[in-house]
Amino acid sequence: MKERMQLWIPQTGADIPERVSSILSCNQHLNRYGLSLSLQQALILVQGCQASIQESRRIEFHEGITAELIRVFSDSPYLSQSELMDTILELTDLFYTLKNDTCDQIGDQELIAFMKDAFDGECHGVMELLVQKGMELSESVHEALEVRM
Amino acid sequence: MQEIETVFPIHEENIDENRYFESLLECAVDAELISTDRFHIIQEQLYELLKRQWAAISEGNSSSISMETAQKLTGSIVYVIGITLKACSSLDTAVRIMNSTTVEQMFDEGIQIIEQKMKALKRRHRRILNRLLETENVFYTSTLKDGMKAFFRLYRPSCDALDIHITLDYPLYAGRPQMQGIELVEQYLAFAEAENSFCTLFDSKRIHELLCGLSKDYVHTPLNLFEYVLMEAIGLVLCGRNPFDLNLMESDLNTLHDRFETDGVHHCVSEAIRQLDGKGMFSKLTRQYVMMYQEKTVFLIEQSLTMHTLHTLFLIPLKQEPKIRMEIQYGEGMNYKEYMRFLWTVRSMNSPQDTALYIILNVRGINDLLDLFTDAQLDEEVMNHLVPSFPLPLFAWMYERYGEELLCENMTERNLSRALQRRYEAMTEEELEEFERIETDDPEYTY
């Protein structure tokens, strides 16, 4: 039997140079707090974002959420230069996981704001606690969805 | 000069109705009617449309989409485009449109067609509701009334054209149409209208009695009503009787059996359908429907002949006895003279049915009844006719006192006890619930 044609191909949204420059433009924000990202780190962040999107089985239509996460989290007292890249990678990964776990019921900006509040507040910059808070959020969204059904 | 005949290289039978756009596109690319470049443009436009649709659904709040949702949305988009292409006068035109129109335009056109279909569907639904068969079958009413209303309320072709939100539980004679989205509902409702317009030609009470002949549980069973009504009508015309009566008898089944064996089922069904049509019993839609599924009708009859289950297809209706309820007054009963005359009449009656009816119509108070049980020797058959007429509170009161046969003192009381027991066992769940609620010591029910 003839193989079916792939009618739509998941594309990766904006191309890599565009994404890298978008991340590097975040240095304007980061510099205010004594932080910065190198070109190599920006590349790693772009690749990490793509990996997170693939792992969470999502399609990104725009440049990816990393730049927006950096902009919002740049004033966090819990960010340090030495762990900056790893923290952003973890935040990106958590973001896409939570998008799935909350069944797309929460918009990007709202979710980032939630993560930022929890990270700076109750979690005191501890990623494991932020993951825990994310799970609680997902549960409450599921409960609300069940009630609606 | 000889004309050059051009043969279009794509054939309708190679197109999958449920994947119309995709399969037509595949065939068109294979036949080189659509170039690979054009195919890639279509892919890109589809991606852009997916992006647009997701932005509309998420109100621009989400820059990414889960693969699962993307597949669902794409399925909906290609379905809508398929609707546009199906509306084309020929496959040739459809391919030309795919070559010259953007995916977005084809989608928007499809949404407009669906909106028109929705309007036509609403008109059809209103027509059905105006003459909806009165039946206790919950699936019939819940699907054709409430289910369809829910469909009109919830169906959103621009978000998910495949999700009709309802289950269409009532089974049609034709079975569930093998379609999706609005086309499924369109086909379902057209068939339902054909069935409903035929069934409404008959007295709904007769249809009820007919189906009770199958099982009283038909009310809560997802079974097709049209099948039994059509079969009964076919059976009756073949027996030379009035199809509107819906009342085949045991002897008719023998006649039918012989006719099917002698003339062949196919011939008999064709003949019956012709006769029913001659009596003006089919609307245009119903006629088409009956003709389309004539082979199924033949098959069902042949199968029942082989399995000796003709009686499960051609039903013998279960007539409902009119319920006569005894009227008991809570004051005094008859005076001595009246009672003696009443007793003498009861004793002199021969038929148990008449005896019971006479008692039901003449007894005034509970004391009359108790005296009668002592003075007249009423056999079990009289009791079997009498006890069903007791209003539920009286029945509960009697059951409390005479329900236990071992405690009865004489033959009449034992006969009464058995009749009470029989009625108790035959009670429906609703009656039982009501029965349980009756406090037999309640002054209201103290006779």
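The chains referred to below are lettered A, B, ... by the order of the sequence lines, with proteins before strands, and numbering in each begins at 1.
- The environment of CD in A/E136 is crowded: more than 12 heavy-atom neighbours from other residues, nucleotides or ligands sit within 6.0 Å.
- Heavy-atom distances place no part of B/S23 under 4.5 Å from chain A, backbone and side chain included.
- Around CZ of B/F299, the count of heavy atoms belonging to other residues, nucleotides or ligands within 6.0 Å does not exceed 12.
- Atom CD1 of B/I65 and atom NZ of A/K99 lie 10.5 Å apart (nearest 0.5 Å).
- Both the backbone and the side chain of B/S62 come within contact range of chain A, with heavy atoms under 4.5 Å apart.
- A 6.0 Å sphere centred on CD of B/E68 holds no more than 12 heavy atoms belonging to other residues, nucleotides or ligands.
- The neighbour count for B/K296 NZ, taken as heavy atoms of other residues, nucleotides or ligands under 6.0 Å away, is above 12.
- The environment of NZ in B/K51 is crowded: more than 12 heavy-atom neighbours from other residues, nucleotides or ligands sit within 6.0 Å.
- Expressed to the nearest 0.5 Å, how far CD1 of A/I59 lies from CD of B/Q71 amounts to 7.5 Å.
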Test side chain to side chain contact (heavy atoms under 4.5 Å, CB included) applied to A/I53 and B/S64, step by step: CA-CA 9 Å; A/I53 292 168; B/S64 63; over 6 Å; no
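- Here the side chain of A/R57 pairs no donor or acceptor atom with the backbone of B/M67 at under 3.5 angstrom.
- The local environment of NE2 in B/H165 is crowded, with over 12 non-hydrogen atoms from other residues, nucleotides or ligands closer than 6.0 Å.
- Judged by distance alone, the side chain of B/N61 and the main-chain N or O of A/D108 form no donor-acceptor pair under 3.5 Å.
- More than 12 heavy atoms of other residues, nucleotides or ligands sit less than 6.0 Å from atom CE of B/M292.
- Residue B/E48 holds its CD atom at 9.0 Å from CZ of A/F61, rounded to the nearest 0.5 Å.
- Of the options A/E63, A/E60, A/H62, a side chain to side chain donor-acceptor pair (under 3.5 Å) to B/S63 is made by A/E60 and by none of the others.
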